[in-house]
Every structure is written in structure tokens, then in C-alpha cells.
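As the structure lists them, so they are numbered: ligands from 1, and atoms in each ligand from 1. None of these values were measured; they are calculated from a predicted model.
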Amino acid sequence: MVRLVLVGPPGAGKGTQAAVLSEKLEVPHISTGDLFRANIGNSTPLGQKAKSYIDAGELVPDEITNQMVRERLAEPDAKKGFLLDGYPRNIAQADVLAGILSENDYELTAVLQFDVPEEELVRRMLERGRSDDNEDVIRRRLAVYHEETEPLLDYYRDLVVKIDAVGAVEEITARALEAVKSRS
Ligand code: ADP
């Protein structure tokens, strides 16, 4: 049973790796970015609230995000473990997650840190061309990562395993699986 948190800057390839790892480890992939995009696609009230923040490269307010994750983790499939991709993204969210985990008697297995040099991140995102991947928004998302998300690496210092996330997708998956093994 594994319970993982993936941390890394935008463009680090967390989503790609999370999809593969979730299959290999047989746990659900819970991506807040994907959940927001699905809500935006379906024009739900949650999607309407989240859209302007996402398009500006800002974090969606914590109340909205925390509630969405709390509901997702309450679904039955999360009982067999999970892989959180894009959450928590700041210390306040990490505190809420700690509460959810302790209410359920869950412990995190590891926090995987995806490490990629900044020039490579920008190059990848411009290539990907998602609607929030224009240059100004990318710059803002990177700044938000440094200001808000990077402090999580200290918060989770006892759980963090750093993964070199430059290379072929399969190579990085192998490194991530090795990291999980080292912690389980
Ligand atoms: P990336 O990792 O490339 O930034 P994501 O798909 O993880 O892409 O996130 C896209 C956007 O969704 C973020 O820029 C942010 O606006 C919003 N978002 C995702 N996760 C969170 C979160 N935990 N808290 C607040 N906003 C979030």
C-alpha cells in the first residue's frame, strides 16, 4: 500500500509520471489540475470559480482546493492508497492534508521531488501549449512554485526523495519506482 505526494515545478512531468506510476503501483492518480480542468470542461460551479485563477497562473483558493481533495480522498478507491499530483501546493494545504491523513489513520509513504532545471521547464511548457502555457503565465506559475510550494520540501524533509526528472520517460519511472521501494 503506497500513499505518495509528488512535488515539482510546473513542467516537471509529474502528470506523465503519475499516470504511469498509478498503474504500476495500482493506486488512484489524484491530480488537482486534472480535477479542475474536468470541472472547467463541464462548466460546473467549481470549474467556474477556479478558471480565472488557473488562467492567471495563480493558485486556486485553498478552501476550494482542500474541499475538492477531501471529497476525492473520501471515495472508496482511495482506501487502497493514492498518488497525489499537484496537492498540496503550499503549507496551509499540507496542514489540511495532515488533518485528513490523521483522521483516516493514513501515513504518507514518501514525497517524490521531481527535479528539472528551469530552462528545461520553460522549454517543455512552451512545447506543450496548454491554455495556461503562455510565457507570462508560465513565469507566474514558476514564481508561485518557488514562493509557495518549494517550502514543502522542508516541511516534508523526512519523507522527500529527490528524483532527477531529466531523461527518457521510462528512465524517470524507474528512478521513481526505486525511490518508492527505498521508502516502503
Ligand atoms: P502544472 O503542474 O503544470 O502547474 P497542474 O495541472 O498541476 O499543472 O495545475 C494547473 C493549475 O491548476 C495551477 O497553475 C493552479 O492554478 C491550479 N492548481 C492545481 N493544483 C492546485 C492546488 N493544489 N492548489 C491551488 N491551485 C491548484
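- Atom 25 (C) of ligand 1 has its nearest heavy-atom neighbour, among V60, D85, L6, in V60.
- For M125, the closest heavy-atom approach to ligand 1 does not fall below 4.0 Å.
- Atom OH of Y53 has 12 or fewer heavy atoms from other residues, nucleotides or ligands within 6.0 Å.
- Near E58, with a cut-off below 4.0 Å to any heavy atom, the atoms of ligand 1 are 15 (C), 16 (O).
- Taking CG of D62 as the reference point, atom CD1 of I91 lies at 11.5 Å (rounded to 0.5 Å).
- Of the charged side-chain nitrogens involved, at least one lies within less than 4.0 Å of a carboxylate oxygen, so that R141 and D133 count as a salt-bridged pair.
- A donor and an acceptor atom, one from each side chain of Q17 and T173, are located under 3.5 Å apart.
- For the 3.5 Å distance criterion, the side chains of Q67 and E71 qualify, holding a donor opposite an acceptor.
- Residue-ligand proximity, Q93 to ligand 1, at heavy-atom distances under 4.0 Å covers atoms 22 (C), 23 (N), 24 (N), 25 (C).
- Distances below 4.0 Å separate heavy atoms of P10 from the following atoms of ligand 1: 1 (P), 2 (O), 3 (O), 4 (O).
- With ligand atoms numbered from 1 in the order given, ligand 1 contributes 22 (C), 23 (N), 24 (N), 25 (C) to contacts under 4.0 Å with heavy atoms of T65.
- At least one N or O atom of G86 sits closer than 3.5 Å to an N or O atom of ligand 1.
- A salt bridge is absent between E127 and R124: the closest approach of a Lys/Arg side-chain nitrogen to an acidic carboxylate oxygen does not fall below 4.0 angstrom.
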Throw together a table of side-chain donor-acceptor distances under 3.5 angstrom for residues 109-117, partners on residues two or more places apart or in other chains.
from : atom 1 : to : atom 2 : distance (Å)
T109 : OG1    : R3 : N      : 2.8
T109 : OG1    : R3 : O      : 3.4

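- At least one N/O-N/O distance between R128 and ligand 1 falls below 3.5 Å.
- For ligand 1 and L59, the ligand atoms under 4.0 Å from any heavy atom of the residue are 25 (C), 26 (N).
- Using a cutoff of 4.0 Å between basic side-chain nitrogens and carboxylate oxygens, E178 and R175 are not scored as salt-bridged.
- Remark: ligand 1 and R37 share an N or O pair separated by less than 3.5 Å (distance only, no angle test).
- Residue contact check for ligand 1: R140 places no non-hydrogen atom closer than 4.0 Å to it.
- Among all protein heavy atoms, the one lying closest to atom 17 (C) of ligand 1 is I54 CG1, 3.8 Å.
- Under a 4.0 Å criterion applied to the non-hydrogen atoms of T32, ligand 1 contributes the atoms 19 (C), 20 (N), 21 (C), 23 (N).
- From the protein, the heavy atom lying nearest to atom 27 (C) of ligand 1 is F36 CE1, 3.6 Å.
- A salt bridge links E103 to R70: at least one charged side-chain nitrogen sits closer than 4.0 Å to a carboxylate oxygen.
- For ligand 1, the polar-atom distance check against R130 finds a nitrogen or oxygen pair separated by under 3.5 Å.
- Residue nearest to atom 5 (P) of ligand 1, selected from K14, R141, R89: R89 (by heavy-atom distance).
- Electrostatic pairing of D136 and R140 does not count as a salt bridge here, judged by no charged N lying under 4.0 Å from a carboxylate O.
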